[in-house]
Amino acid sequence: MLPKDTTDPEVTSPTEYELLPPSVPSEQQQSLMGQEEHMLKPEGRKGDHTAMCIVLASVSVLAIVTWVALLANNPVGAGWFAFHPTLQTLALALFTYGILTLQPTSQPKTKTAGFRRHQAAIFFVGFPAIMLGTSAIAYNKWIHNRQHMTTWHGVCPALDPSQYVLTSMVKSFGYMSLTWILIQVCLGGGSVWFKGAAFGGGAKAKALWKYHR
């Protein structure tokens with residue numbers, strides 16, 4: 001009786017094989033990457049550059065004129081008031097930049113970069129600047145024993161007692177503006193920080209974030 005051939009596939013134990021995807025040549029990979037980049041949605045829209053230039057020019061003129069006018073007229077003598085117009089216009093310029101840097105961003109990389117610039121400009125610099133500017137004018141009035149909110153810039157004085165409702169609304173404008181900024185900061189930060197956990201996360205947070213924008 002002849003011995004069994006151990007090389008017979010029926011006798012040896014079966015071996016499992018893993019199917020691997022065919023390797024793609026490096027040249028073909030580069031070609032595919034180029035096609036993907038070409039197929040990405042373009043971010044620039046007609047009129048974006050012109051609009052951006054107009055907005056930046058406007059806010060730059062406001063900030064430069066304010067700073068030059070103040071610095072050229074004895075800012076030391078103005079005391080704490082000097083910090084109010086300078087910091088407020090700086091904050092306004094930063095808010096404007098923070099909005100512009102997200103308009104538009106449709107690609108993942110540019111969205112991430114734009115969001116970081118947005119937070120840096122608005123939350124880390126602009127928001128503290130406007131709060132310090134507001135605090136400076138409030139403190140300046142307090143040390144000089146002046147009444148607060150007595151002008152159209154802050155609030156409107158009562159021009160006519162019969163127009164109490166309208167006057168009260170105008171008087172609240174300064175407070176309303178600052179309150180709205182605080183709400184926007186909380187709404188924007190809460191909808192994205194820690195994956196929007198403050199508002200339930202996921203789709204719930206995204207639903208609120210669109211109102212922030």
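Heavy atoms only: backbone and side chains are in, while hydrogens, waters and symmetry mates are out. All residue numbers refer to positions in the sequence shown, counting from 1. Keep in mind the model is a prediction, meaning the values are calculated, not measured.
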Distance col, row Leu132:CG vs Phe127:CZ, nearest 0.5 angstrom, shows 10.0 Å
Taking all atoms of both residues into account, what is the closest heavy-atom pair of Gly126 and Ala91, and its distance? O-CB, 3.4 Å
With sequence neighbours left out, write down each residue that passes side-chain contact (heavy atoms from CB on, under 4.5 Å) with Ala69, or none if nothing qualifies. none
Expected list for residues 50-63: side-chain donor-acceptor pairs under 3.5 angstrom, two or more places apart:
from: Ser58; atom 1: OG; to: Ile54; atom 2: O; distance (Å): 2.8
from: Ser60; atom 1: OG; to: Leu56; atom 2: O; distance (Å): 2.6

Among all residues two or more places apart in sequence or in another chain, which pass the ring-ring contact (aromatic ring centres under 6.0 Å, His included) test with Tyr97? none
Residues 117-124, side-chain donor-acceptor partners within the protein, below 3.5 Å, at least two apart:
from: Arg117; atom 1: NE; to: Thr101; atom 2: OG1; distance (Å): 2.6
from: Arg117; atom 1: NH2; to: Thr101; atom 2: OG1; distance (Å): 3.0
from: His118; atom 1: ND1; to: Gly98; atom 2: O; distance (Å): 2.8
from: Gln119; atom 1: OE1; to: Trp193; atom 2: NE1; distance (Å): 2.5

Side-chain cluster (under 4.5 Å, hydrophobic types only) that Ile64 belongs to, other residues: Val68
What is the minimum heavy-atom distance between Gly188 and Ser191, and which atoms define it? O-OG, 2.9 Å
Please round to the nearest 0.5 Å and tell me the distance separating atom OG1 of Thr110 and atom CZ of Phe115. 14.0 Å
Linking I/L/V/M/F/W/Y whenever any side-chain heavy atoms sit under 4.5 Å apart, do Phe95 and Leu100 land together? no
Measuring from Leu94:CG to Leu87:CG, what's the distance to the nearest 0.5 Å? 10.5 Å
First locate atom OG1 of Thr134, then atom CD of Gln88, and finally report the distance between them rounded to the nearest 0.5 Å. 4.0 Å
Interatomic spacing from CG in Leu187 to CG in Leu182 - rounded to 0.5 Å: 12.5 Å
For Thr89, side chain to side chain donor-acceptor pair (under 3.5 Å) partners two or more places apart: Trp67
Flag the pair Phe81 / Ile137 as yes when at least one side-chain heavy-atom distance between them is below 4.5 Å, and no otherwise. yes
For a side chain to side chain contact (heavy atoms under 4.5 Å, CB included) check, start with the C-alpha distance between Asn140 and His84, then their side-chain angles and the critical distance, and finish with the verdict. CA-CA 9 Å; Asn140 184 69; His84 178 65; over 6 Å; no
Nearest heavy-atom approach of Gly190 to Ala198 is O-CB, 3.8 Å
Could you tell me the separation between the CD1 atom of Ile130 and the CD1 atom of Ile181, rounded to the nearest 0.5 Å? 3.5 Å
